[in-house]
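Some notes on the structure that comes next.
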Amino acid sequence: MSALTDDTLPVTPRAMRDEMVAFALMAVLLAVVPLTGIYPFFVMQALCFALLACAFNLLVGYGGLLSFGHAMFLGTAGYVSAHALKVWALPPELGIIIGTAASFGLAIITGYVSIRRQGIYFSMITLALSQLLYFIYLQAPFTHGEDGIQGIPQGHLFGLFDLSKPTVLYYVVLAGFLGGFLLIYRTINSPFGEVLKSIRENEPRAISLGYKTDQYKLLAFILSGTLAGFAGSLKVFVAQNASLTDVHWSMSGEIVLMTLVGGLGTIFGPVVGAFIIIAMQQYLAGYGQWVTVIQGVIFVACVLTFRRGIIGELARLLRRSL
Amino acid sequence: MQALYAQLLVGLINGSFYALLSLGLAVIFGMLNIINFAHGALYMMGAFCAYFLLNIAGINYWWALIIAPIVVGIFGMILERTMLQWLSGLDHVYGLLLTFGIALIIQGVFQNYFGSSGLPYQIPDALRGGMNLGFMFLPVYRGWVVVFSLVICVATWFLIEKTQLGAYLRAATENPTLVRAFGINVPRMITLTYGLGVGLAALAGVLSAPINQVRPLMGADLIIVVFAVVVIGGMGSIMGSVITGFALGVIEGLTKYFYPEASNTVVFVLMVLVLLVKPTGLTGRAA
């Protein structure tokens, strides 16, 4: 069985430098967005999904575990944050913390159950678990079923930053995204990340070397789920609603698609993929279900011809680590 | 008690669909090492095929039971020849992603032309009405679905476990290279196997058309439940997936009677419990 992401370059000082340059470039580009007149809500939404896709990528690209249910973290954190902000009238920072904590708890439970099987069984289990949560949220009173939680107050972060101003909100979301991104980057290049990659490449060998692989996989799952939840909490401030679409299996599919388009197991791939897929949805919004068909075609095209994704191919072309 | 029996019957019917679909998934997984995410979409295509046959060509239900699985099966074989075969040797995950994409395309196209609402399909004349069994009223069509599905499941089991062709198939699952060395055309067998699995899904679609209306998304949620069934039962044995399918349908039916709020979720909850107690699934083979 060939691994999900082959020909990964070894971590060298040069690779680190390339990645740092690319990161600085990305941060500067994103920081000047409000000055360019690009619709900020589009970029904010894309940033939330980019963080979500990066968190997903941590699990699949480095741990080799394809979760087909990551929407459950997005949706759970979204619902809990929205409820905390609207019903309990908590300040934004507490809303984010509570939402993220909820997905942390969910990740512990679902991770404990789903890492008991490997490969495609893992994918099927995460998908089934997210469907279980979907039905729970459909019936639970606090989510307001099909209507969702709407009109969520944005409030003042730390009592200082007025989040109802688009520019302020933009920089808060950007800070959240960059923070999450750096955390994931640090994790990938830590000793923990190296063990994770070795499990992806050859789990029996990692076990025979004395690593308790289940603990590593569970920790990666929890980290990934929590960060996905953090992205979901941030998204509440952008979209000002929390609805069932965020927990639906089609959302999980979109997260997979973003990462696949950008490049599984690349550092910047999920970000690029998220921007492409969100932009595509914006421009094709008038075409109804054809968007689903196009997404399907991209899936098929990526798997058959383009398995490294955009950034993966680019990195190979330039012989650099991205 | 009437209501309990009625829900048990509904459970048995859902169980027949779970059994037929998980059987197809198991057969396909055995040969292709692919979890066929498009299974739900192909089930839907079977139902639509029956609908078109009746409303455009005037071909009745009985012919649809034969024609729809063949048409959809051929469609599946084309998918296998043009796309799935290129994935052999790659990580299993790519098969899941590719078939998920195929499912999105098929469902999206049907949604564009038929919306999301259901189209009615008449129960054939011979199967209308019901029988009074003394303790309950049995609609003939529903009884037919359960019996016919059981027959098909047993026939598939017989085909794979007891015939010469099935022996080749099982051998090719274990060691394709060796079987090829004996002069058996394994790639063609793989294509036919995919066609068989897909045909079973289409057959389930035709059976369900008169009960659940014909809808573009009729297979989308169903396939996720079937995945949970597969996780519970494991894909190692044919009989295992059939029995698990029927059993879970019945449990779901009982839940509908005793605690309706949980009827959507009971299969998933059971999956979690099975994973906690016996992570390899009920039939025992680890993946």
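Heavy-atom basis, side chains included; hydrogens, waters and symmetry copies ignored. Below, chain A is the first sequence line, B the second, and so on; all start at residue 1.
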Discussion item. Let's go through A/Ile120 and B/Asn33 carefully: what are the C-alpha distance in whole Å and the side-chain angles of both, what is the deciding distance for side-chain contact (heavy atoms from CB on, under 4.5 Å) to 0.1 Å, and is it a yes or a no?
Written reply: CA-CA 10 Å; A/Ile120 32 168; B/Asn33 273 323; over 6 Å; no

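- A distance of 11.0 Å separates CD1 in B/Ile35 from CG in A/Leu127, rounded to the nearest 0.5 Å.
- Contacts of A/Tyr112 with chain B are made by side-chain atoms alone, with heavy-atom separations under 4.5 Å and no backbone atom involved.
- Remark: B/Ala220 engages A/Trp249, B/Gln107, B/Leu217 in a side chain to side chain contact (heavy atoms under 4.5 Å, CB included) (not counting sequence neighbours).
- More than 12 heavy atoms of other residues, nucleotides or ligands shown are found within 6.0 angstrom of OH on B/Tyr257.
- Both the backbone and the side chain of B/Met83 come within less than 4.5 Å of a heavy atom of chain A.
- Counting heavy-atom pairs under 4.5 Å between each of A/Gln295, A/Gln139, A/Gln289 and chain B puts A/Gln289 at the top.
- Heavy atoms of B/Val225 lying under 4.5 Å from chain A are absent altogether.
- The candidate from B/Asp221, B/Ile106, B/Thr99, B/Val267 with the greatest count of non-hydrogen atom pairs under 4.5 Å with chain A is B/Asp221.
- Listed by chain and residue number, A/Ile276, A/Ile311 satisfy the side chain to side chain contact (heavy atoms under 4.5 Å, CB included) test with A/Val272 (two or more places apart in sequence, or in another chain).
- Take A/Leu218 and apply the side chain to side chain contact (heavy atoms under 4.5 Å, CB included) test, not counting sequence neighbours, and it matches A/Ile115, A/Ile222.
- Taking the side chain as every heavy atom from C-beta outward, B/Leu276 and A/Arg116 approach each other to under 4.5 Å.
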Worksheet entry | From CA spacing to verdict: side-chain contact (heavy atoms from CB on, under 4.5 Å), B/Val93, A/Phe122 | CA-CA 10 Å; B/Val93 156; A/Phe122 175 85; over 6 Å; no

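- When side chains are defined from C-beta on, A/Leu264 counts as touching B/Tyr94, because their heavy atoms get closer than 4.5 Å.
- The shortest distance between side-chain heavy atoms of B/Phe268 and A/Leu129 does not fall below 4.5 Å.
- Residues from residues 253-262 of chain A that place a non-hydrogen atom less than 4.5 Å from a non-hydrogen atom of chain B comprise A/Gly253, A/Val256, A/Leu260, given in numerical order.
- Of the listed residues (A/Ile136, A/Val291, A/Leu138, A/Val293), the one with the most heavy-atom contacts under 4.5 Å to chain B is A/Val293.
- More than 12 non-hydrogen atoms from other residues, nucleotides or ligands lie less than 6.0 angstrom from CZ of B/Arg170.
- By the neighbour-count criterion of 12 heavy atoms within 6.0 Å, atom OH of A/Tyr287 is sparsely surrounded, having that number or fewer from other residues, nucleotides or ligands.
- Of the atoms belonging to A/Phe68, it is side-chain heavy atoms, and not backbone ones, that fall under 4.5 Å from chain B.
- Neither the backbone nor the side chain of B/Ile34 comes within contact range of chain A; no heavy atom of the residue lies under 4.5 Å from a heavy atom of that chain.
- Residue contact with chain B, scored on non-hydrogen atoms closer than 4.5 Å, involves the backbone and the side chain of A/Ile125 alike.
- For B/Phe110, no part sits under 4.5 Å from any heavy atom of chain A, backbone or side chain.
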Item to complete: Tell me, with the steps shown, if A/Phe299 and B/Ile102 meet side-chain contact (heavy atoms from CB on, under 4.5 Å).
Response: CA-CA 8 Å; A/Phe299 256 112; B/Ile102 294 172; over 6 Å; no

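- Residues A/Gln131 and B/Asn264 are not in side-chain contact: their nearest non-hydrogen atoms beyond the backbone lie 4.5 Å or more apart.
- For the atom pair B/Gln111 CD and A/Trp290 CH2, the distance stands at 11.0 Å (nearest 0.5 Å).
- In this structure the side chain of A/Leu66 reaches within 4.5 angstrom of the side chain of B/Leu97, judged on heavy atoms.
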Worksheet item: Are A/Met124 and B/Ile224 close enough, and set up right, to give a side-chain contact (heavy atoms from CB on, under 4.5 Å), and what steps lead you there?
Response: CA-CA 8 Å; A/Met124 289 196 282; B/Ile224 303 178; over 6 Å; no

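- Of all non-hydrogen atoms in B/Leu96 and A/Ser123, the two that sit nearest each other are CD2-CB, 3.6 Å.
- The shortest distance between side-chain heavy atoms of A/Phe135 and B/Val266 does not fall below 4.5 Å.
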